[in-house]
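Hydrogens, waters and symmetry mates are skipped; everything else that's a heavy atom, side chains included, is used.
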Amino acid sequence: MDKKKLIETIKGHLIVSCQALPGEPLYLENDTIMHLMAKAAAQAGACAIRTNSVRDVIAIKKETGLPVIGLIKKNYEGFEPFITPTMDEIDQLVEANTDVIALDCTLRLHPGNVEINDLIKQIKNKYPDILLMADIASYEDGINAWKNGVDFVGTTLSGYTEETKNKGEGPDFELVERLVKDIDIPVIAEGKVHYPEQAKKMFALGATSVVVGGAITRPLEIATRFIKAIEE
């Protein structure tokens, strides 16, 4: 799917993140059920799916036919970025025919002491037609990613890095609002969107699309939120 058509597909609509990591109840070592989560999201009207791992990208595309934002979470010792942090993960996602590849575009050093600007350049040189979603934590991250030619900026990591960990429990509305005003590519609101009203506010601020994950597809997280609220 080309960029113009993809933007038309996601504009004003919900993207659902369907992911399960090792140690979580819905994670299966040698199988996956994320395509069923994605099927439910598609039936509800989701415009696209965000998922982790090659196997889930392939399974979800086959099951739903929806555009998939793919990523690979991998930890490299001594480095903080873990969302598609190197060219190796990029290669795997391209091979899986991922529609959009999401990667950590914070200003932190990537594995191999690679600067994010250099990694983006390497990706664009090798795969000039691939669409990139920059997962960022701060306004500075977002501006930098935009200037370096990414196609979408997502606020995925706000509140999850050392510099932004004091952002609070809710979504970063301010970051979305600032980016919408200052860059000319789609801003995708993501991170701590737990309620429909929060998603609606993101759209009102000008977000092209909103990603919701844990509030829909992670039953352990959902149940824990209810129990915590009751016990308090």
| said: Taking the basic N atoms (NZ, or NE/NH1/NH2) and the acidic carboxylate oxygens, is any pair closer than 4.0 Å for Lys165 and Glu162? | reply: yes
How long is the straight-line distance from [atom2] of [Y] back to [atom1] of [X], given to the nearest 0.5 Å?
| X | Y | atom1 | atom2 | result |
| --- | --- | --- | --- | --- |
| Asp135 | Phe82 | CG | CZ | 9.0 Å |
| Leu21 | Tyr27 | CG | OH | 8.5 Å |
| Lys124 | Asp129 | NZ | CG | 9.0 Å |
| Ile7 | Asp2 | CD1 | CG | 9.0 Å |
| Glu8 | Leu6 | CD | CG | 9.5 Å |
| Ile60 | Arg50 | CD1 | CZ | 12.0 Å |

Ignoring hydrogens, what is the shortest heavy-atom contact between [X] and [Y]? Give both atom names and the distance.
| X | Y | result |
| --- | --- | --- |
| Thr155 | Ala189 | OG1-CA, 3.7 Å |
| Cys105 | Ile120 | SG-CD1, 4.1 Å |
| Val68 | Asp99 | N-OD2, 2.9 Å |
| Ala96 | Val54 | CB-CG1, 3.9 Å |
| Val193 | Pro171 | CA-CG, 4.0 Å |
| Thr217 | Leu26 | O-CD1, 3.9 Å |

| remark: Residue set satisfying salt bridge (charged side-chain N to carboxylate O under 4.0 Å, His left out) with Glu163, at least two apart, ordered chain then number -> none
[X] and [Y]: side-chain donor and acceptor closer than 3.5 Å?
| X | Y | result |
| --- | --- | --- |
| Asp56 | Thr32 | yes |
| Lys73 | Gln19 | yes |
| Thr164 | Thr161 | yes |
| Trp146 | Asp184 | yes |
| Gln92 | Asp88 | yes |
| Glu190 | Thr156 | yes |
| Glu221 | Thr224 | no |

Could you tell me whether a side-chain N or O of [X] sits under 3.5 Å from a main-chain N or O of [Y], the two making a donor and an acceptor?
| X | Y | answer |
| --- | --- | --- |
| Gln198 | His194 | yes |
| Asn144 | Glu140 | no |
| Asp118 | Val114 | no |
| Arg55 | Asp31 | yes |
| Ser138 | Asp141 | yes |
| Asp104 | Pro85 | no |
| Ser209 | His13 | yes |
| Thr98 | Gly70 | no |
| Asp172 | Ser158 | no |

Find out whether [X] and [Y] are in side-chain contact, i.e. whether some heavy atom of one side chain is under 4.5 Å from a heavy atom of the other.
| X | Y | answer |
| --- | --- | --- |
| Phe79 | His110 | no |
| Met133 | Asp151 | no |
| Glu169 | Lys192 | no |
| Val210 | Ile188 | no |
| Glu231 | Ile227 | yes |
| Ile90 | Thr84 | yes |
| Val16 | Val211 | no |
| Leu14 | Ile216 | yes |

| Test log, rule side chain to side chain contact (heavy atoms under 4.5 Å, CB included), inputs Val180 and Leu205 | CA-CA 8 Å; Val180 166; Leu205 292 173; 5.7 Å; no
| task | Show the numbers, then the answer: is there a side chain to side chain contact (heavy atoms under 4.5 Å, CB included) between Lys61 and Val57? | result | CA-CA 6 Å; Lys61 285 177 69 68; Val57 167; 3.9 Å; yes
| query | Is there any salt bridge (Lys or Arg N to Asp or Glu O under 4.0 Å) pair reaching into residues 203-219, and which pairs are they, with sequence neighbours excluded? | reply | Glu24-Arg218
Do [X] and [Y] belong together in a cluster built from hydrophobic side chains that touch within less than 4.5 Å?
| X | Y | answer |
| --- | --- | --- |
| Ile136 | Ile83 | no |
| Leu179 | Ile116 | yes |
| Leu175 | Leu107 | yes |
| Ile101 | Phe152 | no |
| Ile33 | Leu66 | yes |

Hey, is [atom1] on [X] packed in by over 12 heavy atoms from elsewhere, all under 6.0 Å?
| X | atom1 | result |
| --- | --- | --- |
| Lys3 | NZ | yes |
| Lys39 | NZ | no |
| Glu95 | CD | no |

| task | Run the numbers on Leu103 and Leu71 for side chain to side chain contact (heavy atoms under 4.5 Å, CB included), then give the verdict. | result | CA-CA 7 Å; Leu103 70 157; Leu71 57 121; over 6 Å; no
| query | Are Lys201 and Tyr195 in a cation-pi contact, defined as NZ or CZ under 6.0 Å from the six-membered ring centre and within 45° of the axis? | reply | no
| request: Test Val153 against Ile183 for side chain to side chain contact (heavy atoms under 4.5 Å, CB included), laying out the working first. | output: CA-CA 9 Å; Val153 168; Ile183 66 177; 4.0 Å; yes
